[in-house]
Amino acid sequence: MASAGDVHMQDADQPMANGTLPNGPAIKRERDEDDDDMPLGQALRQPAPKKAKVSASPSKDDDDDDDDMPISSSRPKEKPKAAAKRTDNKGDKRKDLKPDKANGARRSPSPSPASSVKANGAARAAPKARATAKPKRVIVKTEADFEPLNCWWEKENLGASKGVKDTTKQWDYLEHHGVIFTPQYEPHGVKIRYDGEPMALPPDAEEVANFWAQQLDGDRVGKEKFRTNFWKAFKSKLPKDHPIKSIDKCDFRPIKQHLDADKERKKNRSKEEKEEEKKQKAAYDAPYQFALVDHIREKIGNFRVEPPGLFMGRGEHPKQGQLKGRIFPEQVTLNLAKDAPVPRIPNDGPPGHAWGDVHHNNTSTWLAWYKDTINGAVKYVFLGAASGFKGMSDFLKYEKARKLKDYIGAIRDDYARKMKSKDQEDRELGTAVYLIDFLALRVGGEKDTEEEADTVGCCSLRKEHITFEDGYKITLDFLGKDSIRYHQTSKIEEIAYHNLKSFCKGKKDDEDIFDIDPARLNKYLKELMPDLSAKVFRTYNASVTLQQQLDKIGEKGVDVSKPDELLSFYNDCNREVAILCNHQRSVPKGHAASMEKAQKKLDELNEDIQEVEDYLEYLRTGKKKKTPKVEKKEEGEKERKPVVKDGMKEDAAKKKLDTLKSQRSKHELTMKMKDDNKAVALSTSKINYMDPRITVAFCKKYEMTIEKVFNKGLRTKFPWAMYSKSDFVF
DNA sequence: TCGTATACTTAGAAGAGTACGA
DNA sequence: TCGTACTCTTCTAAGTATACGA
């Protein structure tokens, strides 16, 4: 942890002192090809003009090196231009959107897609902008286009809310084009076989049969629940007097073959055809991809309503296989500014429909919602991960976790005291919070197992999920979120061990260990720290673990001059976090074969190295040693060429040896990384739990390219973190 | 106080896109 | 050039947190 006198370290309570950015060194970044070009989208961008640097305690270093640069060195140069355009365009943009006040809810039809495209995003470039800065070329989609349009982290008083999200007003102006609906079903007329005979299906039933046929290669069709739920759905689409009476006599393979052939045909189209279709799709989607939030263009996350299909609940979900119905405009509620035009329904959508409702709720960030036909759950349309809403929320989440760092000592003392209390509820609270903190468990809300999969978290753990072992060890074995199994044995505090034993005493296997619920637990946490809830512990512990693991770089003997070693080390640290949070993934299908192949390549590299070493030995001693290239070749395998050329000089051979050895160590590292990570999902903790500033600081400190650890999605999600200094400490 | 509604965040899988090596 | 492997994006299920109303 940095000392109080360390001017670079930001206080958790003061995320950005004086509204300024910490001016860390520029992160080493592989150059993007488009950096020199100025896409049209950039002309529309509205980055806040860079303020004069005000630092709590500016040092000379801050001014002299290129620490001021965030992630892209080309961006600051363009800022003044963009800022100037911003002032000019603000009004123009609104005019170009052609507000249609008469177009209220429940009206249609809509304009042609072409006109909608014109009215959107990049294509809406203001004429003034074109006059002042002619772009070199028009690019529809570049990384630069999706750099944040809303540089919210450059705003003044960002720390004013002190880590608490402002739950009042979220926006002053909100405008968007609504959502895209699933096109109407077009029947193909392929018959299934019923009891061996071809059988035609009504279009509605045929559509449902398609959903089933698409699953024929998977495991789901073998699941009883999936099968019976599907059968109910399928039967409901057949007329009462239809001869199909049993799923067991249905053979859906003809439809499967038809769908596969269609897929194959699509795959085999010419490059030009594929590009043309892609272009058309992009043009169609364009108006729906962005929203205007306070006149800043923001990307929308999910602008397409979920298409009909079979419900794919995870694990043993009782509703798996049920039919998810088609969503129509009447089911959709939009959220727009009062003075924003109500969008028209796409003219190729279902005819004669209208929006369900239009709200003007500026305390929320949702753009639209509709209800899921399976559970009645609300499906929201939100802005994308790189938007200001999500970015700010993320930033505050990590600030809250950093704030917990200041409280954690007192909190741990308090729940330790509670664990020893004579009061049953106190002992339960203390023990539950201990498990949440120590084992990074989720809080575990109560579930209706008739309607949902039987998964649990801390508060909903049952006696059957725990076994007690000697040495104060417990084994927890349960299905957590997404029916992912948590199965770990951990040595816990003696008092927690005894408490858990006593909570289980006299209970049946299917009874809850704790009598407290998440609301009670969170109420207790709020007594210890404002706005603290159980989930903050996962963010806190994930970030702390990453920081601690990275800090061990010295003791692990990592050669920091080797990028591969650095990456491998970072991934090892990341994996520790993923294991802590129990982030698993299914082992990729071809993993075993892929490892076998990699092993073969390693064997070949070893043989090549041996060959060169023998040759060098021969040059030194004059004694020849014959090393067979491959002792036993498989049938059809080609003879490998020798790596030592006739008359090869000693220097050349030594150079070759070095190259081969370096290739081998790189290959070994890659193999190890691949095998170690085969069942661990590293991305979940990167996206949701580990403070990105820790990673950015690590990359800066060791001059590792950020692209190696943060893909494009993460770089656009965490623009605010790219400024972190190399000595940032969580 | 409790159940329900609302508003989000977190999660793994699937599919699309791209890079790379034979 | 083609097939394979890897990466990235999209999709949507499944959690948590809290406001709200009876």
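Computed from a prediction, not measured in an experiment: that's the story for all the values here. First the proteins, then the strands, lettered A, B, ... as listed; each starts at 1.
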Peer 1: Side chain of Arg442(A), heavy atoms from C-beta onward: which of dA11(B), dA13(C), dC8(B) has the nearest atom to it?
Peer 2: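 For the Arg442(A) side chain, the nearest candidate turns out to be dA11(B).
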Peer 1: Only counting residues at least two apart or in another chain, list the ones meeting side chain to side chain donor-acceptor pair (under 3.5 Å) with Lys535(A).
Peer 2: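 Per chain and number, Lys535(A) pairs via side chain to side chain donor-acceptor pair (under 3.5 Å) with no residue.
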Peer 1: What parts of residues 512-528 of chain A reach DNA chain C, counting only heavy atoms under 4.0 Å away?
Peer 2: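 Nucleic-acid contacts, sorted: Asn522(A), Lys526(A).
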Peer 1: Report yes if a donor N or O on one partner sits less than 3.5 Å from an acceptor N or O on the other, where the partners are the side chain of Lys535(A) and the base of dT16(C); otherwise report no.
Peer 2: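 Per atom types, no contact qualifies.
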Peer 1: Ala233(A): what forms a side chain to side chain contact (heavy atoms under 4.5 Å, CB included) with it, not counting sequence neighbours?
Peer 2: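 So Ala233(A) forms a side chain to side chain contact (heavy atoms under 4.5 Å, CB included) with Leu323(A).
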Peer 1: Going by atom type alone, with no hydrogens or angles, which donor-acceptor pairs under 3.5 Å involve a side-chain atom of residues 435-443 of chain A and a protein atom two or more places apart or on another chain?
Peer 2:
{"unit_1": "Asp437(A)", "atom_1": "OD1", "unit_2": "Arg412(A)", "atom_2": "NH2", "d": "3.2"}
{"unit_1": "Asp437(A)", "atom_1": "OD1", "unit_2": "Asn541(A)", "atom_2": "ND2", "d": "3.0"}
{"unit_1": "Asp437(A)", "atom_1": "OD2", "unit_2": "Arg412(A)", "atom_2": "NE", "d": "2.7"}
{"unit_1": "Asp437(A)", "atom_1": "OD2", "unit_2": "Arg412(A)", "atom_2": "NH2", "d": "3.3"}
{"unit_1": "Asp437(A)", "atom_1": "OD2", "unit_2": "Tyr415(A)", "atom_2": "OH", "d": "2.6"}

Peer 1: Under 4.0 Å, counting only non-hydrogen atoms across every strand here, what does Lys266(A) touch: a base, just sugar-phosphate, or nothing?
Peer 2: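 Touches nothing.
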Peer 1: Would you indicate which nucleotide in dT9(C), dA13(C), dA5(C) comes nearest to any side-chain atom of Arg314(A)?
Peer 2: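 Nucleotide nearest to Arg314(A)'s side chain: dA13(C).
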Peer 1: Starting at the 5' end of DNA chain C, which residue's closest nucleotide do you reach first, Gly301(A) or Lys447(A)?
Peer 2: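 So the residue in question is Gly301(A).
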Peer 1: Side chain of Ile484(A) only, heavy atoms from C-beta on: which candidate in dT12(C), dC8(B), dG12(B) is closest?
Peer 2: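 Closest nucleotide among those given: dG12(B).
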Peer 1: Of all the nucleotides listed (dC11(C), dA5(C), dA17(C)), which has the minimum atom distance to the side chain of Val443(A)?
Peer 2: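 Minimum distance to the Val443(A) side chain belongs to dA17(C).
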Peer 1: Counting the atoms with a prime plus P, OP1 and OP2 as sugar-phosphate, which does Asn335(A) contact under 4.0 Å by heavy atoms, base, sugar-phosphate, or nothing?
Peer 2: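 No contact.
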Peer 1: How would you list, by chain and number, every residue that makes a side chain to side chain donor-acceptor pair (under 3.5 Å) with Thr545(A), sequence neighbours excluded?
Peer 2: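 Applying side chain to side chain donor-acceptor pair (under 3.5 Å) to Thr545(A) gives none.
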Peer 1: Students often get this wrong, so: under 4.0 angstrom with heavy atoms, is Ser683(A) touching a base, only sugar-phosphate, or nothing?
Peer 2: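 Nothing, no nucleic acid heavy atom in range.
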Peer 1: Measure CG/Leu396(A) against C1'/dC8(B) and give the value in whole Å, please.
Peer 2: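 So the two atoms are 14 Å apart, to the nearest Å.
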Peer 1: From C-beta outward on Ser393(A), which listed nucleotide comes closest to its side chain: dT9(C), dT9(B), dA11(B)?
Peer 2: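 Side chain of Ser393(A) sits closest to dT9(B).
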Peer 1: With respect to the side chain of Lys597(A), which nucleotide from dT4(C), dT10(B), dC11(C) is positioned closest?
Peer 2: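 In terms of side-chain proximity for Lys597(A), the closest of dT4(C), dT10(B), dC11(C) is dT4(C).
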Peer 1: How would you list, by chain and number, every residue that makes a side chain to side chain contact (heavy atoms under 4.5 Å, CB included) with Ile300(A), sequence neighbours excluded?
Peer 2: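 Partners of Ile300(A) under the side chain to side chain contact (heavy atoms under 4.5 Å, CB included) test: His176(A), Ala291(A), Phe303(A), Leu367(A), Val381(A), Leu383(A).
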Peer 1: Please tell me whether Thr695(A) and Tyr570(A) have a donor and an acceptor in their side chains that are separated by less than 3.5 angstrom.
Peer 2: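 Tyr570(A) and Thr695(A) do have a side-chain donor-acceptor pair below 3.5 Å.
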Peer 1: Taking the side chain from His583(A) and the backbone from Thr684(A), do they hold a donor-acceptor pair closer than 3.5 Å?
Peer 2: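 No: the side chain of His583(A) does not pair with the backbone of Thr684(A).
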Peer 1: Only counting residues at least two apart or in another chain, list the ones meeting side chain to side chain donor-acceptor pair (under 3.5 Å) with Tyr689(A).
Peer 2: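 Only Arg538(A) meet the side chain to side chain donor-acceptor pair (under 3.5 Å) criterion with Tyr689(A).
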Peer 1: List the residues meeting side chain to side chain donor-acceptor pair (under 3.5 Å) with Gln584(A), not counting sequence neighbours, and say none if there are none.
Peer 2: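 With sequence neighbours excluded, Gln584(A) shows a side chain to side chain donor-acceptor pair (under 3.5 Å) to Asn582(A), given in chain and number order.
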Peer 1: Of the listed nucleotides (dA7(B), dA14(C), dT12(C)), which one gets closest to any side-chain atom of Lys324(A)?
Peer 2: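 The closest nucleotide is dT12(C).
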Peer 1: Going by distance alone, is a donor N or O of one side chain under 3.5 Å from an acceptor N or O of the other, for Thr539(A) and Lys397(A)?
Peer 2: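 Their side chains do not contain a donor-acceptor pair, so the 3.5 Å distance test is not met.
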Peer 1: Side chain of Thr684(A): nearest nucleotide among dA11(B), dT12(C), dC8(B)?
Peer 2: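 Closest nucleotide among those given: dA11(B).
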Peer 1: Map Tyr689(A) and Tyr380(A) onto DNA chain B by nearest heavy atom, then report which one ends up closer to the 5' terminus.
Peer 2: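 In this pair, the answer is Tyr380(A).
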Peer 1: Who pairs with Pro307(A) by side chain to side chain contact (heavy atoms under 4.5 Å, CB included), at least two apart in sequence or on another chain?
Peer 2: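 In terms of side chain to side chain contact (heavy atoms under 4.5 Å, CB included), with neighbours along the sequence ignored, Pro307(A) is linked to Thr182(A).
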Peer 1: Among dC8(B), dT9(C), dG12(B), find the nucleotide with the atom closest to the side chain of Asn711(A).
Peer 2: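 So the nucleotide nearest the side chain must be dT9(C).
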Peer 1: How would you label the contact of Gly480(A) with the nucleic acid (heavy atoms, under 4.0 Å): base, sugar-phosphate, or nothing?
Peer 2: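 Answer is sugar-phosphate: Gly480(A) comes under 4.0 Å of backbone atoms only.
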Peer 1: With a non-hydrogen cut-off below 4.0 angstrom, is Lys274(A) in contact with a base, only sugar-phosphate, or nothing?
Peer 2: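 Lys274(A): no heavy atom of the nucleic acid under 4.0 Å.
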Peer 1: Regarding Ala453(A), tell me which of base, sugar-phosphate or nothing describes its non-hydrogen contacts under 4.0 Å with the strands shown.
Peer 2: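 Here Ala453(A) touches no strand at all.
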Peer 1: Within the pair His317(A) and dA14(C), is there a side-chain N or O less than 4.0 Å away from OP1 or OP2?
Peer 2: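 The answer is yes; a side-chain N or O of His317(A) sits under 4.0 Å from OP1 or OP2.
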Peer 1: Phe389(A) versus Trp366(A): any side-chain heavy-atom pair under 4.5 Å?
Peer 2: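 No, their side chains stay 4.5 Å or more apart.
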Peer 1: Classify Gln584(A) by what it touches in the nucleic acid, base, sugar-phosphate, or nothing, heavy-atom distance under 4.0 Å.
Peer 2: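 Sugar-phosphate, no base atom in range.
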Peer 1: If you look at every strand shown and take non-hydrogen atoms under 4.0 Å, does Asp372(A) touch a base, only sugar-phosphate, or nothing?
Peer 2: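 It contacts sugar-phosphate atoms only.
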Peer 1: Starting at the 5' end of DNA chain B and moving along, which residue's nearest nucleotide shows up first, Lys371(A) or Ile687(A)?
Peer 2: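 Here Lys371(A) is the residue nearer the 5' end.
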Peer 1: For nucleotides 15-22 of chain B, just jot down a letter per nucleotide in 5' to 3' order: B, S or -, based on protein non-hydrogen atoms under 4.0 Å.
Peer 2: --------
Peer 1: Return the set of residues passing side chain to side chain contact (heavy atoms under 4.5 Å, CB included) with Asp603(A) (not counting sequence neighbours), or none when no residue passes.
Peer 2: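 Partners of Asp603(A) by the side chain to side chain contact (heavy atoms under 4.5 Å, CB included) criterion, ordered by chain and then number, come out as Gln599(A).
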Peer 1: Heavy atom of residues 210-219 of chain A under 4.0 Å from DNA chain C: which residues?
Peer 2: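 Result for residues 210-219 of chain A: none.
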Peer 1: Let me spell it out: for each of Val456(A) and Leu532(A), pick the nucleotide of DNA chain C with the closest heavy atom. Which residue's pick is nearer the 5' end?
Peer 2: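 Upstream on the strand: Val456(A).
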